[in-house]
Engineer: 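If you scroll down you'll find the structure; I have some questions about it.
Note: hydrogens, waters and symmetry copies are ignored here, and every other heavy atom, side chains too, is used.
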Amino acid sequence: MFKCKIVEFFFYMFPLKIWQDFLIQHHIQKCHLCLKRLADEEEVRSLLLQGNEVGDLWPAIRNRLSGVRGKGHSFLWGKWKLAFGAVSLFVVVLVSLWLHNISVQKKTTLKETNCFKIDYIKVGDKPAQAFIYQPKHSNMIFIWAEKIVEGEEI
């Protein structure tokens, strides 16, 4: 029963004909609980068109099958769906390129910040000696500058 509710949820949540057809063929036609919930033939008979009620229905169907369209809404809607799909694809590509560009920029800035050069250090207007230390598995760098004592070798 829980599976039937999930199938029904997906049936109404995604109203695509292909998806609904898939659900009908793979679950609803095979599940005895779902088949019991369907209407009987007697219940549906009153909803069906009778032979004398058809009237102008068959010429409209014939025109539709031959390609004649009344207002052309479906053709315009098809164009809008295509345009919407193209714009969506374009937006996805732009966002992907933008995210890729940001990640590349971050990598290059990290590489630039990891490299530095100390040309000359003074402590108290006198030359100094620098010691650089970076702990393992850390991005932290310690730079220690110390005055050179006269007579001491660097």
Engineer: Below 3.5 Å, can you tabulate the donor-acceptor pairs from side chains in residues 86-95 to any protein atom, sequence neighbours excluded?
Structural biologist:
residue	atom	partner	partner atom	Å
Ser88	OG	Phe84	O	2.8

Engineer: Who else is in the cluster with Tyr133 when I, L, V, M, F, W and Y are joined by side-chain contacts under 4.5 Å?
Structural biologist: Met140, Phe142
Engineer: Identify, with sequence neighbours excluded, every residue that meets side-chain contact (heavy atoms from CB on, under 4.5 Å) alongside Ala145.
Structural biologist: Ile121, Val123
Engineer: Please write out which residues are connected to Leu35 in a hydrophobic cluster, directly or through intermediates, given that two of Ile, Leu, Val, Met, Phe, Trp, Tyr count as joined at side-chain heavy-atom separations below 4.5 angstrom.
Structural biologist: Leu38
Engineer: Show the nearest heavy-atom pair for residues His27 and Cys34, with the distance to one decimal.
Structural biologist: NE2-SG, 3.4 Å
Engineer: Side-chain polar contacts of residues 1-22 - donor-acceptor pairs under 3.5 angstrom, sequence neighbours left out - could you list them?
Structural biologist:
residue	atom	partner	partner atom	Å
Glu8	OE1	Arg37	NH2	2.8
Trp19	NE1	Phe10	O	3.1
Gln20	NE2	Phe11	O	3.1
Asp21	OD1	Gln25	NE2	3.4
Asp21	OD2	Gln25	NE2	3.4

Engineer: Applying side chain to side chain donor-acceptor pair (under 3.5 Å), can you list everything that pairs with Trp98, at least two apart in sequence or on another chain?
Structural biologist: none
